[in-house]
Amino acid sequence: MKRMYGLTIALIFSFIPFSQALSMEGETMNDVRSLSLGGVRALNKGLTNPASLSFLSRPQATIAVFNRFQMSELNTSIGQLLFPNRMIDAGLRMSYFGYEEYNLFSVEAGLSKKLNPVISLGAKLLYLNRSNFLNENAESGIQAGAGLFFQLSQAISLGLLAENLASTFEEKNCRIHLGINYQMLNRCNVLFECCSDMKKYIHLIAGFDYEITEQLNFRAGIRTNPSVPTLGAAYSFGRFSIALCFELHQTLGNSSAIEVQYLF
């Protein structure tokens, strides 16, 4: 049975150039808040857009599990440590997708520095290694990206992220993300983001983050191409917080994620 699962998964990704397959898996490496908001990346305050590290108030550690389409063979496990400080802000994330016969392992590291009180610049490196029982040798490579984050005011922030700017893979597949976050009310944020590979692919994302109380948040989002709505919630107590997310894919089925975070 496991071999049949492995064959099915491997055949799916065999029809996609390796670097593009890795990029698709990279989408599962977002934190749960990002996934809840439709999958925003440029506006994600974490390692996804490394420039945003400079606007974090405290160091934090996170563990998360993302289950795609309710199949245990498609689980992604994530561990992350973010460390903002006065000299230079840093982050490290490790993730593992799949199971014994088909898996993808990644390590991502990023640095960020404030250029002035409202603008920060960040860069990151992503190492990817894929093991597939159809191939004797594991495939691996490195991708590099960079981002800018603008905290224009308490109500407005902008994010710009360029992923896969440089790569050891044949298919470069550079992707540009541009987003804006607007705080409509004291407890309500609306996010809009656009992503494109500068060739044929483009999709739009809209997200909504409402703070019901100081401890409880409700989140929702949607992205196009294909159209996928998302729902999520987060609850904090002391230095801990727990976040949940659900993606509702019309064809492939539902996905879910859970995240536990600790603030130092």
Side-chain angles (χ1 to χ4, degrees), residues 18-35 37 39-64 66 76-97 104-115 118-130 139-151 157-179 181 191 193-198 205 259 261:
F18 176 52
S19 63
Q20 293 184 10
L22 292 180
S23 298
M24 289 176 62
E25 296 314 321
E27 296 295 328
T28 69
M29 297 173 196
N30 277 352
D31 63 32
V32 173
R33 176 181 180 272
S34 170
L35 292 170
L37 298 171
V40 296
R41 296 181 73 80
L43 296 170
N44 192 32
K45 286 194 174 181
L47 192 53
T48 307
N49 183 352
S52 67
L53 290 169
S54 296
F55 290 93
L56 295 177
S57 58
R58 299 165 64 179
Q60 55 186 254
T62 303
I63 57 173
F66 181 69
T76 299
S77 301
I78 303 166
Q80 178 176 261
L81 179 64
L82 306 179
F83 189 75
N85 64 87
R86 294 183 179 180
M87 296 297 295
I88 191 165
D89 310 289
L92 179 68
R93 175 163 53 201
M94 300 177 66
S95 113
Y96 179 85
F97 164 82
L104 177 67
F105 173 73
S106 73
V107 179
E108 189 172 17
L111 297 174
S112 176
K113 181 67 177 179
K114 274 190 177 181
L115 305 180
V118 300
I119 303 175
S120 64
L121 172 67
K124 63 180 181 179
L125 285 176
L126 175 63
Y127 168 78
L128 296 148
N129 179 279
R130 184 177 74 165
E139 302 170 279
S140 62
I142 297 175
Q143 298 176 350
L148 288 168
F149 201 86
F150 305 82
Q151 190 68 54
S157 58
L158 302 174
L160 174 64
L161 174 65
E163 295 188 293
N164 206 13
L165 279 174
S167 174
T168 60
F169 303 114
E170 291 184 6
E171 292 285 341
K172 303 306 179 186
N173 195 30
C174 178
R175 300 175 303 282
I176 306 297
H177 305 258
L178 177 63
N181 180 99
L191 306 90
E193 188 166 307
C194 176
C195 170
S196 174
D197 63 0
M198 310 305 290
I205 298 172
E259 175 184 276
Q261 183 182 90

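This is a predicted model, so every value here is computed, not measured.
Put simply, the side chain of T168 gets close to the backbone of I142: a donor and an acceptor are under 3.5 Å apart. With hydrogens and angles disregarded, no donor-acceptor distance shorter than 3.5 Å links the side chain of N44 to the backbone of G46. Checking side-chain atoms of S34 against main-chain N and O of V40 turns up a donor-acceptor pair under 3.5 Å. Proximity of a side-chain donor or acceptor of E193 to a complementary backbone N or O of H177 within less than 3.5 Å is not detected.
Atoms CG and CZ, from L43 and F149 in turn, are 6.5 Å apart once rounded to the nearest 0.5 Å. For the atom pair L191 CG and I205 CD1, the distance stands at 10.0 Å (nearest 0.5 Å).
Scanning both residues, L53 and G110, for their nearest heavy atoms gives CD1-O, 4.1 Å. In plain terms, the two heavy atoms of L165 and C174 that are nearest each other are CD2-SG, 3.9 Å. Between N49 and L160, the closest heavy-atom pair is ND2-O, 3.7 Å. The nearest pair of heavy atoms linking A64 to V32 is CB-CG2, 4.5 Å. Of all heavy-atom pairs spanning A42 and L178, the tightest one is CB-N, 4.3 Å. Closest approach of G122 to P50, counting heavy atoms only: C-CG, 3.7 Å.
Applying the side chain to side chain contact (heavy atoms under 4.5 Å, CB included) criterion to F150, with sequence neighbours excluded, gives I119, L148, L152, L158. For S120, the side-chain hydrogen bond (donor to acceptor under 3.5 Å, both in side chains) test picks out no residue, with sequence neighbours left out. Considering only residues two or more places apart in sequence or on other chains, V107 meets the side chain to side chain contact (heavy atoms under 4.5 Å, CB included) condition with L92, M94, F105. Residues satisfying the side-chain hydrogen bond (donor to acceptor under 3.5 Å, both in side chains) test with S157, not counting sequence neighbours, are none. Residues satisfying the side chain to side chain contact (heavy atoms under 4.5 Å, CB included) criterion with A90, sequence neighbours excluded, are L111. Qualifying side chain to side chain contact (heavy atoms under 4.5 Å, CB included) partners for I63, counting only residues two or more places apart in sequence or in other chains: V260.
Inter-residue side-chain proximity for L128 and S106 is flagged as met; some heavy-atom pair is nearer than 4.5 Å. Taking the side chain as every heavy atom from C-beta outward, S77 and S95 never approach each other to under 4.5 Å. Considering only heavy atoms from C-beta on, D31 stays 4.5 Å or farther from T62 through its side chain.
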Test log, rule side chain to side chain contact (heavy atoms under 4.5 Å, CB included), inputs F55 and K114: CA-CA 9 Å; F55 290 93; K114 274 190 177 181; 3.6 Å; yes
CA sep, side-chain torsions, deciding dist, call: Q143, E163, side chain to side chain contact (heavy atoms under 4.5 Å, CB included): CA-CA 8 Å; Q143 298 176 350; E163 295 188 293; over 6 Å; no
Step-by-step side chain to side chain contact (heavy atoms under 4.5 Å, CB included) determination, I176 to S196: CA-CA 5 Å; I176 306 297; S196 174; 5.6 Å; no
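A salt bridge links K124 to E108: at least one charged side-chain nitrogen sits closer than 4.0 Å to a carboxylate oxygen.
Among pairs with a residue in residues 51-60, those fulfilling side chain to side chain donor-acceptor pair (under 3.5 Å) read S54-D89, S54-S112, Q60-Q261, at least two apart in sequence or across chains.
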